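Owing to the predicted nature of the structure, the values given are computational and were not obtained by experimental measurement.
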Amino acid sequence: MLSALVAAASASAQCPAVPEPNTPSAPVPLNIDKVKDLLRGYHDTKYAQDMAAVYAIAQSYVEQRAKEEKSPAVILDIDETVLSNWPNLVSDDFGFIDNGRCDDLPDGPCGFNAWILKSEATAFPSALKFFNAVKDKGVAIIFITSRRDKQRQATLWNLDRAGYEGWTKLITRPDRDDFPTAKAFKTAARAKIETDEKYTLIANIGDQMSDIEQQTGINAGKAECSFKLPNPFY
């Protein structure tokens with residue numbers, strides 16, 4: 001156990017840095033319409049490039065570590081990490097509508113729950129490239145998402161339709177639980193994977209800090225290296 005902890009600490013110390021994304025700066029004076037225009041422009045020009053840069057660095061690291069570990073695993077978030085919800089985001093003008101119909105795309109409004117049930121989110125090309133590359137190296141791929149259990153079947157369909165095949169496990173959040181935050185839920189889920197299934201979590205990738213940060217008081221479940229993807233949209 002001590003040697004494993006030392007190896008993990010050593011790997012963590014060598015985690016590669018990711019480049020700063022090309023996200024636009026907020027205009028001065030602040031104007032919400034200009035901010036939205038900047039976000040649309042970023043999505044259409046630099047967003048895919050920035051995503052690909054992070055995934056390329058993560059892939060290089062994971063492929064190297066996979067040669068050194070018996071049971072390596074990667075943790076992936078879903079929304080804005082492997083699946084793009086851009087049609088939902090723009091139809092709601094970057095607001096968040098939890099409930100309600102989503103029948104008028106590309107126009108809004110589009111309730112996020114209804115959007116998920118459509119199973120129409122598309123894969124980020126760089127995410128799918130990473131997924132297939134590390135899977136071929138024998139790395140277990142585990143999705144941990146804040147999507148609820150009631151959305152599990154739609155998520156399974158969506159992952160399949162988007163081309164994600166051969167992953168190891170999908171963990172959705174219970175419809176009701178006592179976790180105060182997404183960070184707490186995801187930390188506990190990672191700890192359970194590490195403890196019960198004996199994987200070495202060599203990387204964790206997500207678009208929100210809650211995807212990769214460790215909940216205070218839980219020592220298990222921290223991946224060796226975490227990779228934060230750009231997401232200025234929410």
Side-chain angles (χ1 to χ4, degrees), residues 55 58 71-89 92 96-102 110-124 127-128 130-132 134-135 139-215 218 220-223 226-229 231 233-234:
Y55 270 117
S71 300
V74 167
I75 305 297
L76 289 172
D77 175 49
I78 289 184
D79 295 302
E80 271 56 67
T81 296
V82 299
L83 294 178
S84 172
N85 298 305
W86 185 248
N88 168 263
L89 288 170
D92 290 340
F96 180 74
I97 301 174
D98 196 10
N99 298 309
R101 61 200 292 271
C102 183
C110 172
F112 188 60
N113 290 327
W115 163 254
I116 288 178
L117 295 179
K118 293 169 77 69
S119 302
E120 293 180 356
T122 57
F124 291 103
L128 191 56
F130 168 87
F131 174 92
N132 287 322
V134 302
K135 181 185 68 175
V139 177
I141 300 172
I142 301 171
F143 295 110
I144 302 179
T145 175
S146 290
R147 292 186 178 199
R148 299 288 181 169
D149 286 348
K150 64 184 177 182
Q151 299 164 327
R152 181 180 181 85
Q153 187 57 60
T155 302
L156 289 169
W157 286 333
N158 204 155
L159 288 170
D160 184 65
R161 291 172 67 176
Y164 294 101
E165 300 177 356
W167 44 268
T168 301
K169 193 178 186 70
L170 167 65
I171 300 174
T172 48
R173 186 170 176 174
D175 294 333
R176 293 186 178 182
D177 61 39
D178 295 326
F179 294 109
T181 62
K183 180 170 75 172
F185 159 67
K186 293 194 172 188
T187 300
R190 292 193 302 269
K192 185 173 178 60
I193 291 167
E194 187 177 58
T195 302
D196 294 353
E197 302 185 38
K198 310 301 183 185
Y199 283 113
T200 299
L201 306 182
I202 58 177
N204 182 14
I205 303 177
D207 68 295
Q208 299 293 312
M209 292 308 297
S210 59
D211 299 327
I212 59 180
E213 286 182 335
Q214 195 76 357
Q215 179 68 21
I218 302 180
K222 181 174 176 57
S226 295
F227 298 88
K228 171 68 169 62
L229 297 166
N231 181 4
F233 309 116
Y234 60 83

Would you give the length of the straight line joining atom [atom1] of [X] to atom [atom2] of [Y], rounded to the nearest 0.5 angstrom?
X    : Y    : atom1 : atom2 : result
I116 : W157 : CD1   : CH2   : 13.5 Å
I171 : K192 : CD1   : NZ    : 9.0 Å
E194 : D196 : CD    : CG    : 10.5 Å
T155 : L117 : OG1   : CG    : 8.5 Å
N99  : N113 : CG    : CG    : 5.0 Å
K186 : E213 : NZ    : CD    : 12.0 Å

If only atom types and distance count, is the side chain of [X] paired as donor or acceptor with the main-chain N or O of [Y] below 3.5 Å?
X    : Y    : answer
Q214 : A220 : yes
T168 : I142 : no
D175 : D149 : yes
R173 : S146 : no
T172 : R147 : no

Exercise for review: Tell me, yes or no, whether the heavy-atom count around D98 atom CG, taken from other residues, nucleotides or ligands under 6.0 Å, exceeds 12.
Suggested key: yes
**Study point:** Neighbour count above 12 (heavy atom, 6.0 Å) for K169 NZ
**Key:** no
Do [X] and [Y] make a side-chain contact, defined as non-hydrogen atoms from C-beta onward lying under 4.5 Å apart?
X    : Y    : result
D92  : F112 : no
D77  : Q208 : no
F179 : Q215 : no
E120 : R161 : yes
D160 : E165 : yes
V82  : Y55  : yes
V74  : F130 : yes
S210 : F185 : no

Review point. Of L156, L170, N158, L83, which meets side chain to side chain contact (heavy atoms under 4.5 Å, CB included) against Y164?
Key: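 For Y164, the side chain to side chain contact (heavy atoms under 4.5 Å, CB included) check succeeds only for L83.
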Check your understanding: For K150, which of R148, R152, Q153 qualifies under side chain to side chain contact (heavy atoms under 4.5 Å, CB included)?
Key ->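 Between K150 and the candidates, side chain to side chain contact (heavy atoms under 4.5 Å, CB included) is satisfied uniquely by R148.
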Review point. Given F227 and L76, is the side chain to side chain contact (heavy atoms under 4.5 Å, CB included) satisfied, shown in steps?
Key: CA-CA 10 Å; F227 298 88; L76 289 172; over 6 Å; no
Practice item. Determine, stepwise, if the pair L229 / E80 fulfils side chain to side chain contact (heavy atoms under 4.5 Å, CB included). Key: CA-CA 8 Å; L229 297 166; E80 271 56 67; over 6 Å; no
Specify the closest pair of heavy atoms between [X] and [Y], including all atoms of both residues, with the distance to one decimal.
X    : Y    : result
P180 : A184 : CD-CB, 3.9 Å
D207 : Y234 : OD2-OH, 3.9 Å
L128 : A162 : CD2-O, 3.8 Å
N85  : A121 : OD1-CB, 3.8 Å

Review point. Passes ring pair (Phe, Tyr, Trp, His ring centres under 6.0 Å), W167 versus F131? Steps please.
Key: CA-CA 9 Å; W167 44 268; F131 174 92; 8.4 Å; no
Ignoring hydrogens and angles, write down the donor-acceptor pairs under 3.5 Å from the side chains of residues 198-205, residues two or more places apart or on other chains.
residue, atom, partner, partner atom, Å
K198, NZ, T195, O, 3.1
T200, OG1, E69, OE1, 3.3
N204, ND2, D211, O, 2.9

